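For reference, the structure is listed below as structure tokens.
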Amino acid sequence: MPWECGECRKKETEYIKIDTVCHHCGKPLCDKHRIEVLEDAFADSDGEVSNRAFHCKSCKEKHHS
């Protein structure tokens, strides 16, 4: 069963990849509907850990306005 984007409801195909889930709600997201946010809480003191987190639109607005 193919994955489906939680925002646009398009199913994963050769051209549409569902490769991210929202950091807060876990909704699967395609590359057109994921929003990248830099999370300072994820930053490692020596800078080796990525501090990127992906969000859906509603969680971005709710948690990172």
Side-chain angles (χ1 to χ4, degrees):
M1 179 159 91
W3 286 91
E4 181 179 284
C5 177
E7 293 289 307
C8 66
R9 299 291 185 216
K10 291 184 179 176
K11 294 192 183 303
E12 185 172 49
T13 67
E14 180 181 349
Y15 305 104
I16 298 171
K17 298 297 177 196
I18 311 296
D19 59 358
T20 307
V21 295
C22 176
H23 165 67
H24 291 282
C25 69
K27 184 188 303 183
L29 300 166
C30 70
D31 61 349
K32 291 183 180 179
H33 290 99
R34 65 185 187 190
I35 302 168
E36 184 177 355
V37 175
L38 295 178
E39 296 270 1
D40 291 335
F42 291 171
D44 199 10
S45 60
D46 61 7
E48 290 184 22
V49 176
S50 172
N51 60 342
R52 299 179 319 150
F54 293 101
H55 300 74
C56 67
K57 183 180 178 182
S58 61
C59 287
K60 160 66 167 80
E61 291 171 356
K62 182 177 179 181
H63 299 284
H64 302 280
S65 55

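Predicted model only: the values in this text are computed from it and were never measured.
- None of Lys60, Arg34, Lys27 except one satisfies the salt bridge (Lys or Arg N to Asp or Glu O under 4.0 Å) rule with Glu7; the exception is Lys27.
- Scanning for side-chain hydrogen bond (donor to acceptor under 3.5 Å, both in side chains) contacts around Lys11 gives Glu4, with sequence neighbours left out.
- Between Lys10 atom NZ and Lys32 atom NZ the span is 5.5 Å, to the nearest 0.5 Å.
- Residues Leu29 and Cys22 form a side-chain contact, since some pair of their non-hydrogen atoms from C-beta on lies under 4.5 Å apart.
- Within a 6.0 Å radius of NZ in Lys17, more than 12 heavy atoms belonging to other residues, nucleotides or ligands are found.
- The two residues Ile18 and Cys30 have their closest heavy-atom pair at CD1-CB, 3.7 Å.
- The structure places SG of Cys8 at 5.0 Å from NE2 of His33, a figure rounded to the nearest 0.5 Å.
- You'll find the side chain of Arg52 stays beyond 4.5 Å of the side chain of Val37, heavy atoms only.
- Here the NZ atom belonging to Lys57 is positioned 13.0 Å from the SG atom belonging to Cys59, to the nearest 0.5 angstrom.
- With no hydrogens or angles considered, a side-chain donor-acceptor pair links His55 and His64 at under 3.5 Å.
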